[in-house]
Each structure stands twice: as C-alpha cells, then as structure tokens.
Amino acid sequence: MSMKGVEQLQRAIAFILKYRDQDEGNVSLFRGKRIIGVLASATEPTWWLESRFHFSFADWYGPNVKQSFGALRVLNDDIVKPRSGFGAHPHRNAEIFSYIIDGALSHQDSMGNKESLPAGGVQYMSAGTGVVHSEMNDEAGKTCRFIQVWLTPDKTGHQPQYGSLLTTPEMKHNTLLAILQGTGRIPYWATPMPGEPIKLHQDATIIVSQADASLTQEISLGRTRQAYVVCIEGSMDISTVSNVASIKDNISSPTTLGTREAAEIVAGKNDDLDVVLKAGKQGAHFMIIEMSSHPGAMHI
C-alpha cells in the first residue's frame with residue numbers, strides 16, 4: 001500500500017476514535033532518578049473497539065501528548081468486540097508485538113502467516129522493508145483484549161519476519177518472565193522463556209508477571225537504562241531504593257498504578273536504580289519494557 005493509503009487508514013482510525021483529555025498521575029523524584037506515574041488516554045468506545053493510547057497515535061497528538069519513551073513508540077491497550085478487528089493494513093520499519101490478555105487474536109500477513117492465539121499468546125512481527133497484516137477477533141461470543149507495542153528498530157531495512165509463542169499463568173506466576181529478547185542481554189532478574197527466543201531488532205527486553213496479592217518483586221535498572229511498566233490487571237505500587245541492603249530505611253514513597261495505568265522509570269547516568277514492585281490487594285498482572293535510554297533507533 002502507498003503512503004497515501006497509509007495516511008487514509010490512519011485518518012479512518014482517527015475518525016472512529018474520539019479522544020478524551022489525557023490525565024496524569026503522581027510524580028516522585030529520587031536523587032535525580034525518576035518514576036513518573038501516568039494514566040493512558042482513554043478513547044470513547046465504538047461499536048467494535050475501545051482503546052487506550054499511551055503515546056501519540058494516528059491523528060491523536062498535540063503539545064501535551066507524548067510521542068515516545070526511548071525506543072517505545074506505541075503502546076495501545078485494545079478491546080475488540082466479536083467478529084471485528086483491524087483489517088489488512090501496512091507497516092514498515094517497526095518491531096511490533098501483541099500480548100493477548102482475553103479472548104483470541106487472529107493474525108494474517110503478506111508473508112503467508114496465519115495464526116490464532118488465545119490469552120497468554122504473543123504475536124511478533126518485524127515489519128522491516130514492508131508487510132501487510134490483519135488482526136481480528138474471529139470469536140463469535142467473546143471480546144478480545146490485547147496490548148500492542150511498537151518499538152523503533154535499531155536500523156531500517158530488516159527482512160520482515162513473524163514469530164509467536166504461548167505463555168501460561170503458571171509460567172508467569174510470581175515470576176518476571178522475559179517473553180521477548182533484544183540485541184542486549186536479558187536483565188539478571190528476569191527468567192528467560194524456555195526454547196529458542198524471539199529476537200527484537202532493538203536493545204529491549206519484554207517481561208510479564210502475574211503476582212499474588214501483596215507480593216514484592218525487585219528489579220534493577222543499570223546506568224542509562226529505563227523501563228515502562230504497565231499494570232494490565234489489578235494494582236501495584238512502585239518504589240525506588242537507594243540501598244538494597246537496607247530497603248526499609250531507603251525506600252521512596254510509592255507510585256500506585258491501577259488497571260490499565262503505566263509508569264516510566266529512568267535510572268541515572270552514573271548509578272544503577274533499584275526498584276521495588278509490590279502487587280496490590282488483589283494481585284497484579286503487569287508488563288515491563290526494559291530498554292536503553294539512548295537507543296540506536298530511527299523514527300517511525
């Protein structure tokens with residue numbers, strides 16, 4: 001499809017979605033490093049789609065709308081009604097994956113791939129030099145909710161490729177499971193997926209967890225690293241720690257996230273940043289996108 005066709009598709013999506021104002025949560029600072037809690041923008045539902053956009057998307061943009069966070073360019077939280085979805089449309093030079101939360105998502109693309117995955121499934125596509133695909137909820141009586149993420153690649157012109165995997169609740173239970181790997185190392189605090197990993201063309205690792213109520217998990221961001229944390233279900237508190245050996249004395253005031261909210265966490269230039277993630281009273285299902293704060297990336 002031509003660039004004109006892409007623009008027409010974007011305008012059509014924007015016509016369907018009428019946006020409310022973006023809300024913002026609490027901001028807490030810790031020794032030059034920061035956690036910024038945010039509420040994603042909510043769209044008014046149509047007959048087939050209700051979305052939350054975490055960054056500028058289609059015709060939703062403006063001076064108060066964030067464009068990206070490092071290599072993270074798009075994060076949309078989509079709820080699609082039965083027998084509907086996103087018809088065939090093009091992408092180029094983007095690392096795209098969908099994490100399915102409820103229902104089933106059917107993918108079909110111009111490379112000949114056709115697959116439907118249930119909740120816990122991950123569909124990955126490196127658009128590279130260009131690909132056309134569709135994402136549909138083909139189920140007759142169930143809605144489909146999924147998180148779709150676009151990352152800028154480390155360079156343009158990669159060969160398009162597709163991959164998928166299936167996670168189970170047991171694999172993610174009280175564990176920080178790395179479902180997608182990038183060009184860098186997986187953080188030491190994350191557990192790799194079994195089998196051959198799906199590789200992103202970017203210095204980023206995608207991690208998911210389903211934590212029991214009040215469970216505390218700790219992560220650490222190295223110097224010049226950052227993370228985007230999305231609370232998919234439940235609630236959670238995020239705090240920074242200055243000295244892991246004495247957490248109680250050096251923990252910051254928590255930033256609380258509810259369902260479908262997110263936070264940016266940025267380490268300092270000279271020091272690592274230790275972070276405590278505590279699940280709320282009913283547990284937390286969340287995603288962490290850990291990445292370089294200075295990625296080699298091009299603009300999508």
Side-chain angles (χ1 to χ4, degrees), residues 25-26 28 30 35-40 52 54 75 77 79 97-105 117-122 142-147 149 165-181 186-195 197 205-221 226-265 273-290:
N26 296 325
S28 57
F30 180 75
I35 297 178
I36 303 178
V38 300
L39 288 172
R52 289 198 174 202
H54 288 236
L75 194 150
D77 187 337
I79 299 175
F97 71 88
S98 297
Y99 176 62
I100 305 159
I101 302 160
D102 294 311
L105 183 66
L117 288 177
V122 179
K142 286 185 177 181
T143 58
C144 174
R145 181 185 170 203
F146 64 98
I147 303 289
V149 175
L165 57 87
L166 184 62
T167 67
T168 65
E170 292 75 22
M171 295 168 69
K172 297 172 284 191
H173 182 227
N174 295 338
T175 299
L176 297 165
L177 181 68
I179 57 174
L180 296 172
Q181 303 177 27
I186 294 178
Y188 71 86
W189 39 265
T191 300
M193 276 284 296
T205 304
I206 315 303
I207 299 143
V208 293
S209 181
Q210 291 184 234
D212 289 341
S214 301
L215 179 77
T216 295
Q217 299 180 87
E218 298 175 18
I219 69 173
S220 181
L221 298 178
Q226 61 186 32
Y228 197 74
V229 181
V230 184
C231 184
I232 298 169
E233 297 173 301
S235 64
M236 60 191 299
D237 288 340
I238 305 177
S239 305
T240 57
V241 181
S242 61
N243 186 341
V244 177
S246 182
I247 289 178
K248 291 183 179 179
D249 296 332
N250 295 277
I251 194 165
S252 67
S253 298
T255 295
T256 300
L257 301 181
T259 299
R260 305 183 83 187
E261 295 179 3
E264 298 175 354
I265 309 175
L273 179 62
D274 298 306
V275 181
V276 176
L277 309 173
K278 183 177 181 181
K281 293 182 179 179
Q282 297 184 351
H285 181 190
F286 59 93
M287 175 185 291
I288 303 171
I289 303 172
E290 191 272 346

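The basis for the numbers below is simple: all heavy atoms, side chains too, and nothing from hydrogens, waters or symmetry mates. The chain is numbered in sequence order, starting from 1.
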Polar side-chain atom of [X] near backbone of [Y] as donor-acceptor pair, under 3.5 Å:
| X | Y | result |
| --- | --- | --- |
| T259 | G234 | yes |
| N174 | D212 | yes |
| S209 | T175 | yes |

Quick one: pull up [atom1] in [X] and [atom2] in [Y] and give me the separation to the nearest 0.5 Å.
| X | Y | atom1 | atom2 | answer |
| --- | --- | --- | --- | --- |
| Q217 | L176 | CD | CG | 4.0 Å |
| I186 | L180 | CD1 | CG | 10.0 Å |
| I238 | F286 | CD1 | CZ | 8.5 Å |
| R145 | T143 | CZ | OG1 | 10.0 Å |
| D274 | E218 | CG | CD | 7.5 Å |
| S235 | H285 | OG | NE2 | 14.0 Å |

Does either side chain, that of D77 or that of H54, offer a donor lying less than 3.5 Å from an acceptor on the other one?
no

For the student: nearest non-hydrogen atoms of [X] and [Y], plus distance:
| X | Y | result |
| --- | --- | --- |
| L215 | A211 | CD2-CB, 3.8 Å |
| A104 | C144 | O-SG, 3.4 Å |
| Y99 | K172 | OH-NZ, 2.9 Å |
| I79 | R260 | CD1-NH1, 3.9 Å |
| S220 | Y188 | CB-OH, 3.5 Å |
| L257 | A262 | CD2-O, 3.4 Å |

Do the side chains of [Y] and [X] get nearer than 4.5 Å, heavy atoms only?
| X | Y | value |
| --- | --- | --- |
| Q210 | H173 | no |
| L75 | I289 | yes |
| M193 | T167 | yes |
| I219 | P187 | no |
| I232 | M287 | yes |
| L165 | P197 | no |
| V229 | I288 | yes |

Residue that, paired with S98, satisfies side chain to side chain contact (heavy atoms under 4.5 Å, CB included) out of V149, L105, V122:
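The passing option is L105.
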
Salt-bridge criterion met for D102 and K142 (N-O under 4.0 Å)
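So D102 does not pair with K142 through a salt bridge.
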
